[in-house]
2 protein chains.
Amino acid sequence: MSSSRATLIQVAERAGVSLASTSRALHGTGASQKMVDRVRAAAAELGYSPDAIGRSLRMKRTFQVAFAVADIGNPVYVEMLTAIHEVLAPHGYRVVVMSTGHTVASTVDLVRSLGSGFVDGLIVSPLRTDDALVDAIREAPVPVVVIGRSLEQQGIDSVSTDSAAGLGQAVAHLLEIGRRRIGFVNGPLDTTPGAARQRGFDAATSGPAFTGDHAETERADDFTVAAGLAAARRLLSRTPAAGPFDAVVAANDLLAIGVVRAARELGLSVPGALAVTGMDDTEIGRVFQPSLTSVSLGSAERGAAAARLVLDRVDDGAEPAQQIAIGPRLFVRESTAQEESAR
Amino acid sequence: MSSSRATLIQVAERAGVSLASTSRALHGTGASQKMVDRVRAAAAELGYSPDAIGRSLRMKRTFQVAFAVADIGNPVYVEMLTAIHEVLAPHGYRVVVMSTGHTVASTVDLVRSLGSGFVDGLIVSPLRTDDALVDAIREAPVPVVVIGRSLEQQGIDSVSTDSAAGLGQAVAHLLEIGRRRIGFVNGPLDTTPGAARQRGFDAATSGPAFTGDHAETERADDFTVAAGLAAARRLLSRTPAAGPFDAVVAANDLLAIGVVRAARELGLSVPGALAVTGMDDTEIGRVFQPSLTSVSLGSAERGAAAARLVLDRVDDGAEPAQQIAIGPRLFVRESTAQEESAR
DNA sequence: CCCATCACCGGAAACGTTTCCAGTGTGCAT
DNA sequence: ATGCACACTGGAAACGTTTCCGGTGATGGG
């Protein structure tokens, strides 16, 4: 920590020119070459670097964007964060990480806090949504982009994915490899992803398209490995009339890992006795043993798209709200491999 | 996005009092109860919320702290980030995530950029360090805390851990369970952790304390699963004169996962034929199959300690530099279990 | 009744920057 | 030679807040 920093006024004095010219010279527009050289030299001698706060106050731009999620420990959000960072950094924007908390009320508080104007925009991926949150977002003083469900009706920018369809892909894949008694380990139903995925599972396992014999859901308290393990123990301890489960769809990769661990406890081989699918296509699932068949929801793409959306909005504010959808994509790996040899 | 926000001046006008009194009333000191009520009411009517930029300009405090790492995807850094966030948020501080880049030069640039004063402090965990970086940190205009190696001589606040000793613990544990031919998969030697861990391995496997028969190092290009897999393939394809490897120490959990995968490729059971240890005690290692024996370096504690250090420094600047050390701790899990049955 | 003390209030400055506006000088064309 | 366009410069205002400082009124003690 050295002495206090040089200010633009000091640079101006040192260069013997006006404050206005100094600013112009450094900023690059409407200054003669001689002026630029002179000011640059003075700035270099003093080790000047422009003060972000002063600049922000005047320009009404902070060059910061907030990214808010409930749990930054979830690898999905880490992937989003990385992608957001990669899009924003080249444009000179910093990323502020915030926590939404786990309730919708705390998320509303967070959105309201944007009123203090410390960021130019917000990217938020709320687990739960309600009208109060929608209102708060609509009235927010800076652009807000929601990653999660589509909010077209509400006139809010959003980047969504069709996780219900993704669940359909997982179920279809399991049927295709000959599994007939399918369990579903979902997260809390009152969350946006939990609700959507339940819808997807129910749709995929009802009606004529479902060629299996049995479908049943067990709910975990949370989208974590531990919760998945507990839920899978409950699910697999039951034996449906049609016979024991031969496949489990998990609502995300962490839950799927819990399911695999539960299967091992019960002596069920994966994928031999029990095929398991995850969702989110995370790094952890890819390196797990067995590597997890998983439905990618394009976390990185969604993050990047949201970041680009914020960038657009910051420049020209009032276009109609945009909805971007990233299609789900199934990646088949060892946890549903057909050949037993692959274990 | 609604209309522009109310300013303190407008609140003052509405309340019919001076700007100074308005500020005092809201801030809480030296104002009569009547004044406070009146101003609060006016503020509420206008939906006033104080502007963070204006306040920062005046107070010379941004209430932001930056956390900079090379790769936010690494679970260790995510744990640190979470811990930092948890310590800082209750004090009203926001966390800005930054990337150091992979070279020491880009890290120096980042530290220099603190000159623009957008944060009150920096927590940085550099992979590589040199004199230029040390100088830059020492001359930084805001407090900087380094997570990594101790920089006591340099007079820089740091939170370190003795990863060399941690490696010793891992080797000792492997010897204790009867392994004698120990391989070491390390990351790049020119990184701070890579160098320290090599030192630890070399110390633990030379001299009279080493009761094994063979010790050998293979270097991975990076601290990732893929690099660990490649390095382990190279290592395990060799057979020392003393006999095939019966244990591998990996320099972190990601590398260890790569090692386990390589072992499986070669038909070596873990821990039966090959015991494997990791380092960092990450969530991913705990849920992996087999769960990884790992040396915890207290990522979360180190993050929290660094955050508290920054908080102290921000308030009273010029105490002597502090060094905090977190001791390594071995957690034994399946990947080095002695009973074969645990597989 | 007068003076000292005290609590409180308002004016004004300051933080560091960008940008509007008016003014100066140069060069070119008529 | 004179006018005009043009490039550049400097003064000053503005962004929103906190805080110093002087001043006012009330209150209590002598």
Side-chain angles (χ1 to χ4, degrees), chain A residues 3-40 42-43 46-64 92 113-120 141-142, chain B residues 3-40 42-43 46-64 92 113-120 141-142:
Chain A
S3 58
S4 64
R5 293 154 25 209
T7 151
L8 195 59
I9 300 184
Q10 294 169 22
V11 176
E13 285 172 357
R14 177 107 181 184
V17 298
S18 81
L19 180 59
S21 301
T22 310
S23 175
R24 275 189 298 255
L26 292 179
H27 195 262
T29 89
S32 67
Q33 189 56 46
K34 207 178 71 182
M35 174 70 80
V36 170
D37 294 342
R38 203 163 156 184
V39 170
R40 284 248 176 85
L46 270 63
Y48 170 78
S49 78
D51 182 82
I53 303 297
R55 153 179 301 206
S56 290
L57 183 62
R58 173 64 220 230
M59 309 227 312
K60 293 177 165 302
R61 279 274 183 96
T62 61
F63 295 99
Q64 295 191 149
S113 79
L114 297 178
S116 42
F118 58 95
V119 289
D120 297 337
V142 297
Chain B
S3 57
S4 63
R5 293 153 25 207
T7 151
L8 195 60
I9 301 185
Q10 294 169 22
V11 176
E13 285 172 358
R14 177 108 181 182
V17 298
S18 82
L19 179 59
S21 300
T22 310
S23 174
R24 275 190 297 253
L26 292 178
H27 195 263
T29 90
S32 68
Q33 190 57 47
K34 209 178 69 180
M35 174 69 80
V36 170
D37 294 343
R38 203 162 156 184
V39 170
R40 285 248 176 86
L46 270 62
Y48 170 77
S49 78
D51 183 82
I53 304 298
R55 154 178 301 205
S56 290
L57 182 62
R58 172 65 221 231
M59 310 224 318
K60 294 178 164 301
R61 278 276 184 96
T62 61
F63 295 100
Q64 295 190 149
S113 79
L114 297 177
S116 42
F118 57 95
V119 290
D120 297 338
V142 297

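Keep in mind that what you see is a predicted model, and the values were worked out from it rather than measured. Reminder, nothing fancy here: chain letters follow the sequence lines and each chain counts from 1.
- Distance B/Leu57 CG to C/dT17 C1': 8 Å, rounded to the nearest Å.
- For A/Ala6 against A/Leu46, the heavy-atom pair with the smallest separation is CB-O, 3.7 Å.
- Summarising the geometry, the separation between CD1 on B/Ile9 and P on C/dG11 is reported as 12 Å, rounded to the nearest angstrom.
- Here the nucleotide nearest the side chain of A/Lys60, chosen from C/dC9, C/dT17, D/dC15, is D/dC15.
- Following rounding to the nearest Å, A/Met35 (CE) and C/dT26 (P) show an atom-to-atom distance of 15 Å.
- Of the two residues near DNA chain C, B/Thr22 and B/Gly54, the one whose nearest nucleotide lies more 5' is B/Thr22.
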Fill in the blank from the handout: B/S/- along nucleotides 19-24 of chain D (protein heavy atoms under 4.0 Å) is BB----
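- OP1 or OP2 of C/dC9 sits under 4.0 Å from a side-chain N or O of B/Ser32.
- Distances were taken from every side-chain heavy atom of B/Leu8 (C-beta onward) to each of D/dT18, D/dG10, D/dC8; the shortest belongs to D/dT18.
- Nucleotide C/dA7 holds its P atom 16 Å from the CD atom of B/Gln33, rounded to whole Å.
- Note: NZ (A/Lys34) to P (D/dA7) measures 17 Å, nearest angstrom.
- Between the P atom of D/dG16 and the CG atom of B/Leu26 lies a distance of 16 Å, rounded to the nearest Å.
- Between the P atom of D/dC15 and the CZ atom of A/Arg61 lies a distance of 18 Å, rounded to the nearest Å.
- Atoms OG and CD, on A/Ser56 and A/Gln64 in that order, are 7.5 Å from each other to the nearest 0.5 Å.
- Across every non-hydrogen atom of B/Thr22 and B/Leu8, the tightest pair is CG2-CD1, 3.6 Å.
- Distance alone, capped at 3.5 Å, places no donor-acceptor pair between the A/Ser116 side chain and the A/Phe118 backbone.
- Going from atom CZ of A/Arg5 over to atom CD of A/Gln10 covers 10.5 Å, rounded to the nearest 0.5 Å.
- The side-chain heavy atoms of A/Val142 and A/Asp120, taken from C-beta on, include no pair separated by under 4.5 Å.
- Note on A/Arg55: a side-chain N or O is less than 4.0 Å away from OP1 or OP2 of C/dT18.
- C/dT17 atom C1' lies 12 Å from atom CZ of A/Arg5, rounded to whole Å.
- Closest approach of B/Leu114 and B/Pro141 over heavy atoms only: O-CG, 3.8 Å.
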